[in-house]
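To find a chain, count down the sequence lines: A is the first, B the second, and so on, and within it residues start at 1.
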Amino acid sequence: MKMLVYGLVTGLLFGFLLQKGRVLRYDKQLGALRLQDMTIVKFMLSSVIVGMIGVYFLYDFGLVKLSIKATILGPVILGALIFGVGWGLLGYCPGTSMGALGEGRLDALWGILGMIAGAALFAEAYPFLLQTVYTWGDLGRITLPQVLGINHWFLIPVFVVAALLLFRWLEKKGL
Amino acid sequence: MKEENGGWSPYLAGALSGVVGVLSVWVAGQYFGASTSFVRTAGMIEQLFGPERVAQMSYFVKVAPKIDWQWMFMVGIFLGAMIAALTSKSFRLQLLPDMWVARFGDRSGTRRAMTAFVGGAIAMFGARLADG
């Protein structure tokens, strides 16, 4: 029960910020995919940078656990390509579809119904996929610091600087 | 940091959402995610028609059809966005997005519904495959 309340409150805050950042709209999502408006890239990368620093900081003090998913090349590459096709057609992603509906974008509802159908379809295909795609290129639960054999605090500044340079470039281009 | 469209700077809103994400991991041990909830919802709907079948399906064994932290997180996103929109006069009941209308016209409601539904199904299949 406590976890459900945490979930609701966290979602309230996140949904509020997604709406304030104006990233829930179809026009913003398609704008990014058409390389015309990078608002969602600015939002996402800013979130990732803060999240990366914060989580690793707490991790160093043993206060949080990392949640590292297995890197399996087959499903990740194929899944990403399929996701991209669907995202381009729908114009909302799974999380933002709920927020888009919240700010009155009724077409998100079709997408939500479609995503439930897609999840059902995936559940049907799962036993087959498990024996095929999921066996292609399983690298296990790896991270960049681990693969490169260096401390994460050497990599984090590289990502921060790269993001800041990208932001500067986007602003210069007016995207 | 007000934008001309009445919103906040995406850098500020994004960074604050990062803070919310870090606090969530710290306080509740939960990382943000969305697509698992669609699996749980599909499972809960299928349970209405054939609970025995759902109980045997390996994916619904792995991802149990129940309401959990992330499911409530999704409800929260819906409500949070609604509160932000209503309190800033940017709530807008809209069946067709502006960019869509510019390309397909304002009498393309069926086409939009079909595209969004099929797109949603494809996107979710891909997201689940990549475990995103």
Side-chain angles (χ1 to χ4, degrees), chain A residues 3-4 6-8 10-22 26-27 30 39 42-43 46-47 50-51 54-55 58 64 67 69 75-76 79-80 82-83 85-87 89-90 94-95 98-99 102-107 110-111 113-123 126-127, chain B residues 7-8 10-11 13-22 24-26 28 31 34-35 38-39 41-42 57-60 69 72-85 91-95 97-99 112-113 115-117 119-131:
Chain A
M3 287 308 277
L4 298 185
Y6 279 148
L8 185 68
T10 311
L12 274 168
L13 293 169
F14 189 49
F16 187 89
L17 292 168
L18 285 169
Q19 204 280 338
K20 285 294 180 196
R22 300 290 187 258
Y26 175 93
D27 292 18
L30 263 286
T39 306
K42 296 173 191 174
F43 185 101
S46 301
S47 186
V50 171
V55 168
L58 295 173
V64 299
S67 168
K69 299 201 174 193
V76 168
I82 295 170
F83 175 78
V85 171
W87 184 25
L89 289 171
L90 172 56
M98 293 298 290
E103 67 166 359
R105 319 286 162 164
L106 295 173
D107 59 323
W110 308 124
L113 294 174
M115 286 191 278
I116 295 171
L121 209 65
F122 182 81
Y126 186 66
Chain B
W8 294 359
Y11 299 117
L16 287 173
S17 80
V19 173
V20 175
V22 172
S24 172
V25 173
W26 192 3
Y31 285 86
S35 64
F38 289 88
V39 179
T41 305
M57 285 176 67
S58 57
Y59 202 58
F60 288 129
W69 178 90
M72 293 309 293
F73 175 66
M74 298 291 280
V75 174
I77 291 176
F78 170 80
L79 294 173
M82 187 178 270
I83 291 166
F91 183 88
R92 203 164 136 212
L93 271 185
Q94 188 184 49
L95 256 176
D98 297 338
M99 193 185 273
R112 174 62 186 143
T115 309
F117 184 88
I122 296 172
M124 184 51 59
F125 195 95
R128 286 290 79 206
L129 183 58
D131 204 5

Heavy-atom cut-off 4.5 Å, strictly under: side chain, backbone, both or neither for [X] against chain B?
X: A:A120; answer: both
X: A:Y126; answer: side chain
X: A:L18; answer: side chain
X: A:K42; answer: both
X: A:L58; answer: side chain

For [X], is it the side chain, the backbone, both, or neither that has a heavy atom closer than 4.5 Å to a heavy atom of chain A?
X: B:F91; value: both
X: B:M74; value: both
X: B:F60; value: side chain

CZ-CG distance between B:F78 and A:L12, expressed to the nearest 0.5 angstrom: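 Between atom CZ of B:F78 and atom CG of A:L12 there are 11.5 Å.
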Looking at [options], which makes the most heavy-atom pairs under 4.5 Å with chain B?
options: A:G11, A:P94, A:P127; value: A:G11
options: A:G86, A:G54, A:G111; value: A:G86
options: A:G114, A:A117, A:G99; value: A:G114

According to the interplanar angle, ranging from 0 to 90°, do the rings of A:F122 and B:F125 count as parallel (below 30°), tilted (30 to 60°) or perpendicular (above 60°)?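 Because their plane-to-plane angle is over 60°, the rings of A:F122 and B:F125 count as perpendicular.
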4.5 Å side-chain heavy-atom contact, A:Y26 and B:Q94: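 The answer is no; the side chains never approach within 4.5 Å.
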